[in-house]
Amino acid sequence: MENYTDQEIIQAIRKGGKSREQITHYLLKKWNGYNHKLAAKYHLNPAHQKDAYTDAIIKLITQIDQGSFKGNSALSTYFYSIFNNVCVDVLRSSSSNKNRPTEEVHEWTSVEKEAFNWIGQKDLLTNIKYVIQEMGASCKNILLDWGFNGYTMKEIVQRRQLSSAESARSMKYKCLKKLKALLIKNDIV
Amino acid sequence: MSDKNEDYYYELLDKFLAGNITKQESTELRLAAKQDSNLQSTLSNHIEARANIRIAGEADLKKKLMSAYDDLPTKSEKATTQINPFVRWAAIAASVIGLAFGFYYFSPNADPTFQLANHLTEVPALTTRGVQANEFLELWGIAKLNYQNKEYKETIAVCDQLKAFPNQAKAHAGKIAIFKGMTYLQLKQYSAAISHFNQIPENNPLANDAKWYIALTYLDSGDIEKSRALLKEIANDKKHYKHSQATTLLKQL
């Protein structure tokens, strides 16, 4: 397996698109040793182990993407610390909610909270209103390609078989507007 | 507020959410939002829309990773990998030779070589209470992990961040100094190590640790005479917790 430096990994994640997709799968393989180590430490069953390990990788990707990782420690150490916390969370929720159906709660990241605080919107009491699933697949896919996976408009044209970068851009614009309108509608209801 | 302006502030907000906004841009964003309550609520709506995209993206990625996870080798698969018989016999032969070498090397008649790693004990443990205690302890934990992973420069960098919690840092100044000294010793930066160990006052309970580590630092740096003098003091002090180790090291010198 090829070896990448921390800097190369961070650059690939922040660049988005294909390079991000590849590096994510590389990380999944690279840190599999930690996976076995912590699963043994916390006596996680295979399902919880799989859940915790993939969750930790996703948390790391989001934190790098939002610039929360400041490079104060090696990336592997940072990941280990995230994974350790996720394992504790998984254990806690599996032991306390055995008979209760799990209701998914979507939480703000620290950067999102900071953004609210920065623009002066301080009363952040509610969880995120998750309305994007009410949108059609084509809109949702374009928004994810742009806003989460970090593909360029040119790449989105190829992935979604659109006619031009301009039409992709306009579609993204309309879909984002639609999503915001859904959020407002949900707020009123 | 024109549409063009709105898009401009969305771009700034996107930069903020990606952690690459400049100081000037973030100030501009803050001022604009404070002066215009409509803009403020539009921007809040934008943050929530971006959060929706993030969560949907994470769910999508989760599906992909869950499926890729099934292709990863499990622990038992790793352990039961078929080994070529020739390689197996070669490994056994190498182990026997290694054991014989180890027996010669570590037997009392062999030439004793000082191994620093054998004498550096665990990083001090911390307990603390207060509003910021969790963050302080978390940082200490990351520093310890770095140390255990032999990432010593990162350990120093994280230890330096502990200063952000003045109350806790002051209360644990001795342990932090010992930890940093140990780390500098691992980095072979001897003068920095000694200067940290010397920060422990005589009446501090960690003074015995500091004395022991200074002796080790001199020994590792090759300054045998200074090390011998300190080791003698420790060996003669029956109450010192490293009394017997110091006696053993002195015999080897």
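By convention in this document, chain letters (A, B, ...) are assigned in the order of the sequence lines, proteins followed by strands, and residues within each chain are numbered from 1. As the structure is a prediction and not an experimental result, all values here were calculated from the model. Hydrogens, waters and symmetry mates are skipped; everything else that's a heavy atom, side chains included, is used.
With salt bridges taken as basic N to acidic carboxylate O contacts below 4.0 Å, one links A:Glu112 and B:Arg54. For the pair A:Asp51 and B:Lys62, the salt-bridge criterion is met [side-chain N within less than 4.0 Å of a carboxylate O].
Within the 4.5 Å cutoff, the side chain of A:Ile132 has no heavy atoms near those of the B:Ile55 side chain. By the 4.5 Å heavy-atom criterion applied to side chains, A:Leu176 and B:Tyr10 are not counted as neighbours. Counting heavy atoms from C-beta outward, B:Asp60 and A:Phe148 have side chains that stay 4.5 Å or more apart. Side-chain contact between A:Leu179 and B:Ile53 is present, with heavy atoms from C-beta onward closer than 4.5 Å. By the 4.5 Å heavy-atom criterion applied to side chains, A:Lys180 and B:Thr42 are not counted as neighbours. Contact check for B:Leu43 versus A:Phe116: no side-chain heavy atoms found under the 4.5 Å cut-off. The shortest side-chain heavy-atom distance between B:Leu72 and A:Lys50 does not fall under the 4.5 Å cut-off. B:Gln148 has its side chain out of reach of A:Tyr80: every pair of non-hydrogen atoms, C-beta onward, lies at least 4.5 Å apart.
No option in A:Asp55, A:Ile57, A:Ile61 other than A:Ile57 meets the side-chain contact (heavy atoms from CB on, under 4.5 Å) test with B:Leu65.
Atom NZ of B:Lys34 is surrounded by 12 or fewer heavy atoms from other residues, nucleotides or ligands within 6.0 Å. Environment of NZ in A:Lys154: sparse, with no more than 12 heavy atoms of neighbouring residues, nucleotides or ligands closer than 6.0 Å. Surrounding NZ of A:Lys172 are more than 12 heavy atoms belonging to other residues, nucleotides or ligands, all under 6.0 Å away.
The closest side-chain donor-acceptor pair between A:Thr77 and B:Glu151 falls under 3.5 angstrom. Side-chain polar atoms of A:Ser73 and B:Glu154 form no donor-acceptor pair below 3.5 angstrom.
When each of A:Ser76, A:Gly67, A:Ser81, A:Ala74 is checked for heavy-atom pairs under 4.5 Å with chain B, A:Ala74 comes out on top. In terms of heavy-atom pairs under 4.5 Å with chain B, the best-connected choice from A:Asn149, A:Val131, A:Asn85, A:Asn84 is A:Val131. Most heavy-atom pairs under 4.5 Å with chain A, from the set B:Asp70, B:Asp160, B:Leu31: that is B:Asp70. With chain A as partner, the option from B:Gly141, B:Ala59, B:Ala18 having the largest number of non-hydrogen pairs under 4.5 angstrom is B:Ala18. Ranked by non-hydrogen atom pairs under 4.5 Å with chain A, the options B:Ala56, B:Ala68, B:Ala143, B:Gly19 are led by B:Ala56. Counting heavy-atom pairs closer than 4.5 Å to chain B, the top residue among A:Glu114, A:His25, A:Lys140 is A:Glu114.
Note: A:Lys59 NZ to B:Glu58 CD = 8.0 Å, rounded to the nearest 0.5 Å. Interatomic distance, A:Gln133 CD to B:Asn52 CG, rounded to the nearest 0.5 Å: 8.0 Å. To the nearest 0.5 Å, the span separating CD1 on A:Ile119 from OG on B:Ser41 amounts to 8.5 Å. Of the inter-residue distances, the one linking A:Gln121 atom CD with B:Glu48 atom CD reads 10.5 Å to the nearest 0.5 angstrom. The line from CG of B:Leu61 to CG of A:Leu144 is 10.5 Å long, rounded to the nearest 0.5 Å.
Residue contact with chain B, scored on non-hydrogen atoms closer than 4.5 Å, involves the side chain of A:Tyr53 exclusively. Looking at B:Thr155, neither its backbone nor its side chain comes within 4.5 Å of chain A, counting heavy atoms on both sides. With a 4.5 Å cut-off on non-hydrogen atoms, B:Thr27 touches chain A through its backbone but not through its side chain. In this structure, chain B has heavy atoms under 4.5 Å from both the backbone and the side chain of A:Thr109.
For the pair B:Arg50 and A:Trp108, the cation-pi test (distance below 6.0 Å, angle within 45°) is failed.
Checked by atom type and distance alone, the side chain of A:Asn72 never pairs as donor or acceptor with a backbone atom of B:Ala157 at under 3.5 Å. The backbone N or O of B:Pro73 lies less than 3.5 Å from a partner atom in the side chain of A:Asn32, making a donor-acceptor pair.
Minimum heavy-atom separation, A:Thr54 to B:Tyr69: CG2-CD1, 4.3 Å.
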